[in-house]
J.: 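The structure is given below, and queries will be raised subsequently.
Bear in mind that the values here come from a model prediction, so they are computed numbers and not experimental data.
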Amino acid sequence: DSNIAKMSAGRETSDQRQQLLEQLAVQQDKHAMLRSELQSYHDCDPAVLQEKADVTEQLKDASNRWTDNVFSVKSWCKNKFSIQEAVLNKQFDIPEDLDYLP
């Protein structure tokens with residue numbers, strides 16, 4: 001009971017306390033609004049943009065690696081089985097314009 005009495009000292013209901021609580025609620029709402037606005041600018045952060053550029057470069061390298069694998073298998077099939085490239089592309093649904101990414 002003594003702890004409760006100590007903690008509730010200064011928390012008596014008063015007009016000043018009520019005004020301060022209302023101000024606190026307004027400031028908390030403003031803080032939440034500013035936090036959400038700051039989050040909307042997250043995509044423009046230079047660190048985030050650099051991370052996206054790095055990931056894009058890795059994905060481009062992986063895509064070119066797979067394209068190279070497709071060309072290698074096509075070459076092996078053409079040499080091993082004497083298949084024309086157009087027939088091979090049609091059989092395996094390989095686009096005629098398949099090429100590396102720049």
J.: Could you tell me if D54 and Q50 have a donor-acceptor pair between their side chains, going purely by distance under 3.5 Å?
T.: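 D54 and Q50 do have a side-chain donor-acceptor pair below 3.5 Å.
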J.: Would you find more than 12 non-hydrogen atoms of other residues, nucleotides or ligands less than 6.0 Å from E96 atom CD?
T.: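 It does: E96 CD has more than 12 such atoms within range.
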J.: I'd like to know if W66 and W76 are part of one continuous hydrophobic network [Ile/Leu/Val/Met/Phe/Trp/Tyr, side-chain heavy atoms within less than 4.5 Å].
T.: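 Not linked; separate clusters.
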J.: Determine whether V26 and K30 make a side-chain contact, defined as any pair of heavy atoms from C-beta on separated by less than 4.5 Å.
T.: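 Counting from C-beta outward, V26 and K30 never come under 4.5 Å.
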J.: Between NE2 of H31 and CG of L38, what distance do you get to the nearest 0.5 Å?
T.: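 Here the rounded value is 9.5 Å.
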J.: To the closest 0.5 Å, what do you measure between CD (Q28) and CG (L21)?
T.: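 Output value for this atom pair is 9.5 Å.
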J.: Starting from L59, can I reach Y100 by hopping between I/L/V/M/F/W/Y residues whose side chains sit under 4.5 Å apart?
T.: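 No: no chain of side-chain contacts under 4.5 Å links Y100 to L59.
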J.: State the CD1-CD distance between I94 and E85, to the nearest 0.5 angstrom.
T.: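 Those atoms lie 8.5 Å apart.
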J.: Quick check against the 3.5 Å criterion: does T56 have a side-chain atom that pairs as donor or acceptor with the backbone of K52?
T.: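 Answer holds: yes.
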J.: Above 12 or not: heavy atoms from other molecules or residues under 6.0 Å from CZ of F71?
T.: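 Yes - once you tally the heavy atoms of other residues, nucleotides and ligands closer than 6.0 Å, there are more than 12.
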J.: Would you indicate whether D15, at its atom CG, is surrounded by more than 12 heavy atoms from other residues, nucleotides or ligands within a distance under 6.0 Å?
T.: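 Open.
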J.: Restricting to side-chain contact (heavy atoms from CB on, under 4.5 Å), what partner residues turn up for I83, sequence neighbours left out?
T.: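 Listed in chain order: F81, V87, L88.
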J.: Run F92 and V70 through side chain to side chain contact (heavy atoms under 4.5 Å, CB included) and show every step you take.
T.: CA-CA 11 Å; F92 292 100; V70 169; over 6 Å; no
J.: In Å and rounded to the nearest 0.5 Å, what is the CD to SG distance from Q84 to C77?
T.: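 The SG atom of C77 is 14.0 Å from CD of Q84, to the nearest 0.5 Å.
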J.: Backbone N or O of S72 within a donor-acceptor pair of the S75 side chain at under 3.5 Å?
T.: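 Pair absent, no side-chain N/O of S75 close to backbone of S72.
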J.: Is L98 close to T67 at the side-chain level, that is, under 4.5 Å between some pair of heavy atoms?
T.: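 They are in contact (side-chain heavy atoms under 4.5 Å apart), so the answer is yes.
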J.: Check the pair D45 / L49 against side chain to side chain contact (heavy atoms under 4.5 Å, CB included), numbers first and verdict last.
T.: CA-CA 6 Å; D45 183 9; L49 292 175; over 6 Å; no
J.: Using modelled atom types only, decide if a donor and an acceptor are shared between the side chain of N64 and the backbone of L101 within a distance under 3.5 Å.
T.: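 Checked: pair present.
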